[in-house]
Amino acid sequence: SPKNSGFLNPSSASQMIRLISGHLALIYNDSSTERRPLSIALSADGGRTWPYRKVLKDGDDTYSYPFAVQGPDGMIHILYSLNRDKIMHMTVNEAWIL
């Protein structure tokens, strides 16, 4: 049954993917009221705990509707809407999150 994850969310979309390593990555807005910052969290135990968290983007803009996929080279490609009028792309690797 569903459980409270402890993550904040301003009624906005989030994205979770399973990485090649088997770890879970969650891209989300780490705020209860704003669509910023855009953050990524990593769980190495199937989602029971999320000890690794990093801010991907922060500032006065809004970062919405994240989508993520991991390429065969291990890079995590993250797409998101900037101020709901531009689609942005960034890449990170799992080592950066850890």
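Between Thr91 atom OG1 and Ile76 atom CD1 the span is 9.5 Å, to the nearest 0.5 Å. Note: Ile40 CD1 to Ile78 CD1 = 4.0 Å, rounded to the nearest 0.5 Å. Atom CG of Leu24 and atom CG of Leu19 lie 7.5 Å apart (nearest 0.5 Å). The distance from the CG atom of Leu38 to the CG atom of Leu56 is 5.0 Å, given to the nearest 0.5 Å.
Taking hydrophobic clusters as Ile, Leu, Val, Met, Phe, Trp and Tyr residues chained together by side-chain heavy-atom distances below 4.5 Å, Leu8 does not share a cluster with Tyr65. Under the 4.5 Å side-chain heavy-atom criterion for ILVMFWY residues, a single connected hydrophobic cluster contains both Ile87 and Phe67. Trp96 and Leu79 are members of different hydrophobic clusters when ILVMFWY side chains are connected at heavy-atom separations under 4.5 Å.
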field: Worked check of side-chain contact (heavy atoms from CB on, under 4.5 Å) between Leu26 and Ser14
entry: CA-CA 7 Å; Leu26 174 68; Ser14 60; 4.2 Å; yes
- prompt: So Val55 and Asp30, side-chain contact (heavy atoms from CB on, under 4.5 Å) or not? Walk me through it.
  reply: CA-CA 9 Å; Val55 172; Asp30 193 10; 5.9 Å; no
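Considering only residues two or more places apart in sequence or on other chains, Asp61 meets the side-chain contact (heavy atoms from CB on, under 4.5 Å) condition with Tyr63, Leu82, Asn83. With sequence neighbours excluded, the residues satisfying side-chain contact (heavy atoms from CB on, under 4.5 Å) with Ser12 are Asn9, Pro10, Asn29, Arg35. Taking the ring-ring contact (aromatic ring centres under 6.0 Å, His included) definition, one finds that Phe7 meets it with Tyr28, Trp50, sequence neighbours left out.
The shortest non-hydrogen separation linking Pro66 to Ile27 is CB-CG2, 3.4 Å. What you find for Ser21 and Glu94 is that their closest heavy atoms are OG-OE1, 3.0 Å. Looking at every heavy atom in both residues, Arg84 comes nearest to Ser64 through NE-OG, 4.2 Å.
Listed by first and then second residue, the side-chain hydrogen bond (donor to acceptor under 3.5 Å, both in side chains) pairs involving residues 72-81 are His77-His89 (not counting sequence neighbours). Screening residues 43-57 for salt bridge (Lys or Arg N to Asp or Glu O under 4.0 Å), with sequence neighbours left out, gives no hits.
The closest donor-acceptor contact from the side chain of Gln70 to the backbone of Ile20 lies under 3.5 Å.
Few gaps surround CG on Asp85; more than 12 heavy atoms of other groups in view lie less than 6.0 Å from it.
Cluster partners of Met75 are absent, since no Ile, Leu, Val, Met, Phe, Trp or Tyr has side-chain heavy atoms less than 4.5 Å from it.
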